[in-house]
Amino acid sequence: MSSKSHALHPYRSSSFMEWLYAWAAPKWALNPTMQAVRNGFLLCLPLVVAGALAVLCNNLPLPVYQEAMLTLFGPDWKSGLFALIWQGSFGLLSLPMVIGISHNLVLVHNQENPLSPVSPVTASVVALGGFLVLLPPENMTGYLGVQGLFVGILASLTAIWLFLRLVAVKALQMQIYSEGIALAPQAFASLIAGLITLFVFAVIGLGFRAAFGLSIQEAVRELVLLPFRFDVFRNMLGSGIAYVLVTHVCWFFGLHGTNVLDPLTRDIFEAATQANLAALAQGLPPPHIITKSFLDIFVFMGGAGTSICLLLAIFIASRNHGSRRMAKISIAPGLFNINEIVLFGLPVILNPVFLLPFLLVPLMLTLVSFLAIRLGFVPLPMEALEWTTPPILGGMLATHSVAGSVLQIFNLVLGTFIYLPFVKISDRIKAERQKVAQQKLLEIACNNTVGPSGKKCLDRDDEVGSLARILAHELELAMEAGEGLYLEYQPQVDGRTSRVIGTEALVRWRHPVFGPIPAPIIIAISEDGEFIRHLGLWVLNEACAERARWHEAGLAANFKTSVNLSARQLDDESLPEKVAQCRNAYHLSTPMIGIEVTESVALDPDAMHNQILNHLHDLGFAISIDDFGMGHSSLVYLKYFPVNVLKIDKVLSKDVATSKISAEVIATIVELCRALKIKVVAEFVENQEQVDCLQTLGCHLFQGYFYSPPLKGDDMLSYAMRMNATADMAELGQNAKTN
Ligand code: C2E
Ligand code: CA
Ligand code: CA
């Protein structure tokens with residue numbers, strides 16, 4: 001490996017990173033339950049962003065701003081607009097999270113069990129009920145926000161698990177009829193399952209309180225605070241490390257660590273600040289290094305997990321579009337130590353890739369900063385600052401020394417460096433996930449089955465659907481801007497003379513992030529997005545323009561460029577005129593353009609399609625039937641449709657040399673087409689053996705990799721000119737011989 005590529009991938013050789021990748025990729029990226037949880041987070045992202053901005057607006061540490069707000073809106077301004085937004089977002093965040101996660105869990109179930117779908121709305125309502133009955137009655141509102149999220153996630157997972165099992169029990173399904181019609185069938189069918197689920201949750205909640213004397217939420221909190229009851233943690237460095245560790249483990253599982261440990265912050269670290277101040281007032285050296293200010297200034301830079309370092313690492317190392325965009329949205333609140341957007345958006349919460357650096361970075365920074373102060377490099381931060389004071393500035397303000405800022409910068413660099421390799425692993429996992437979704441989308445696009453709404457992929461609820469929606473949106477933009485879209489041309493060759501007789505135009509799209517998008521996906525999303533006519537005309541126009549350039553370059557007038565038409569384009573009555581107009585606009589003759597439609601479309605008895613094809617045929621455009629042999633049409637139909645060329649599908653041509661049946665079917669097709677004066681082109685011709693077999697069966701026109709893959713316009717022209725010049729020479733030689 002060259003030194004350059006080695007430098008680009010400094011962590012590639014690390015076997016720990018490889019292990020992490022192999023371990024985390026299936027667990028996190030491809031596990032459907034985890035995907036559902038992640039999608040639940042993403043669903044709530046607008047609320048998270050609103051909450052983060054509201055917190056920022058209320059706490060912006062700019063005296064001018066704070067004073068201006070005070071004079072403009074009076075002393076209660078902090079409980080005004082932004083407090084309301086906070087209340088509707090962070091204040092209730094567990095509720096939409098429970099709904100979002102449950103909804104996505106049911107979508108996964110429905111995707112896996114298409115024959116027994118469950119209403120995601122009904123199930124989410126049941127899960128929400130399950131979550132609500134677990135709340136401690138005396139402090140319900142205290143656990144509706146981020147504080148309740150951990151139990152919320154558990155409640156969604158268990159409630160949906162139980163509900164789906166109960167719904168599947170036939171005996172519990174209930175139908176209510178009114179005048180012979182089933183009323184809201186899905187909701188009633190799952191009524192009893194929902195009732196049982198809620199009942200079970202209520203019993204669990206009551207039983208737990210009876211057994212332990214407190215609610216599940218409170219028990220979780222007590223459990224988290226438990227380590228601090230031991231004397232070992234009374235020593236300040238020990239309690240500092242334990243505090244940092246526990247806060248981050250909490251955050252990782254979706255528990256608001258800072259809030260849960262709030263009593264501890266007051267009892268230990270704010271008390272330490274007070275003790276320091278008291279000592280200072282008496283002229284004594286301050287006894288404690290680890291105080292609330294110490295943690296805020298040197299460890300929680302950008303919020304829990306020193307997440308400003310994570311953002312910097314993403315900016316430096318990530319090539320993933322989504323991660324970079326998330327980091328961009330997070331950076332403004334992140335500078336003021338508000339980090340919920342990146343925690344839920346990337347996400348960091350429950351993401352095994354980030355568990356280690358999320359714990360390691362703050363721990364390392366605690367130790368490093370402790371040492372720097374203990375060794376006298378940096379003064380103790382004595383000034384209590386707003387927690388939103390940005391890093392670098394905060395270090396100087398709190399310590400009254402530039403050394404404070406220098407230590408913060410050192411910490412930022414160290415933290416970013418630790419995050420870097422994990423960002424790369426996360427990128428790789430995201431790329432892997434994207435690849436899986438793209439592969440699935442391609443399978444769906446190539447498949448002819450459409451959903452109940454008549455769409456193939458655009459209205460799917462899974463990752464494939466969201467990939468399709470992103471692509472459809474960006475394809476429309478690409479068409480408007482004329483960027484990334486182009487055509488390639490695959491030659492069609494007469495095997496007897498090696499003369500190139502025509503070409504097929506194939507649409508190509510190079511996406512700036514996803515790379516080349518396979519043509520069937522382009523077509524499927526254009527059909528679903530209902531802009532296939534627009535795309536079809538773009539292709540037609542582009543192919544005609546290129547054909548005109550080839551004409552000027554001296555290509556023979558009977559050289560035909562065939563353009564593929566989708567079934568949806570044949571719903572457009574004005575299509576034949578549009579094709580003729582395009583031909584005229586580029587001063588082409590009719591034989592220079594051909595039309596390709598698939599077998600199922602061409603031989604479809606649909607009157608409209610038939611009428612349009614006949615019209616095109618009457619105008620003189622050659623009609624090719626593509627993928628012949630795929631559908632179930634009878635050969636006899638060929639007599640009744642306007643057909644000039646028949647293209648034998650790959651299922652037949654690929655194994656012509658090895659399958660007797662394929663060879664016999666092709667022989668029959670060739671014979672019939674000879675009688676009906678229809679040309680036969682074999683597609684997917686990849687080797688000499690196929691060519692020889694097909695020639696003995698009477699098929700002489702070929703398209704496939706044996707001759708050439710699809711080529712850029714200029715290359716297509718050179719290929720045709722070169723091949724045809726050689727054919728001319730051979731013909732001349734032959735003529736000379738016979739004369
Ligand atoms: P198609 O019309 O059957 O096009 C032939 C496909 O097979 C092309 O794939 C071509 O690149 C590929 N191919 C050709 N020879 C060989 C070979 O020897 N071996 C192998 N393995 N593959 C070969 P592509 O470009 O991905 O197109 C796929 C389909 O997308 C096309 O199938 C066509 O149905 C559709 N399509 C492409 N461009 C357009 C377009 O502009 N409009 C419409 N409506 N459909 C298009
Ligand atoms: Ca075709
Ligand atoms: Ca084909």
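Whatever order the structure lists them in is the order used to number ligands and atoms, beginning at 1.
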Q: Look at the N, O or S atoms of Ser562, main chain and side chain alike, and state whether any lies under 3.0 Å from the Ca ion (ligand 2).
A: no
Q: Find all atoms of ligand 1 within a distance of less than 4.0 Å from any non-hydrogen atom belonging to Glu686, and give their numbers and elements.
A: 17 (C), 18 (O), 19 (N), 20 (C), 21 (N)
Q: Please verify whether a non-hydrogen atom of Glu683 lies at under 4.0 Å from ligand 1.
A: yes
Q: Among Lys440, Arg469, Arg38, find the residue that satisfies the salt bridge (Lys or Arg N to Asp or Glu O under 4.0 Å) test when tested with Glu463.
A: Arg38
Q: Using heavy-atom distances, let me know which of Ala543, Ser566, Ala505, Ala519 sits nearest atom 44 (N) of ligand 1.
A: Ser566
Q) Which N, O or S atom name in Asp627 marks its closest approach to the Ca ion (ligand 3)? A) OD1
Q) When you measure from the Ca ion (ligand 3) to each N, O or S atom of Glu683, which atom gives the shortest distance? A) OE1
Q: Just jot down the ligand 1 atoms closer than 4.0 angstrom to any heavy atom of Pro520, in number order.
A: 26 (O), 28 (C), 30 (O)
Q. In Asp626, what N, O or S atom is nearest to the Ca ion (ligand 3), if we give its atom name?
A. OD1
Q. For atom 34 (O) of ligand 1, is the nearest protein heavy atom closer than 4.0 Å?
A. no
Q.
Taking 4.0 Å as the limit for heavy-atom contacts, which would you say applies to Lys647 with ligand 1: side chain only, backbone only, both, or neither?
A. neither
Q | Short side-chain donor-acceptor distance under 3.5 Å, Ser566 and Glu527 | A | yes
Q: With the side chain counted from C-beta on, respond yes when Asn564 and Ile523 share a heavy-atom pair under 4.5 Å apart, and no when they do not.
A: no
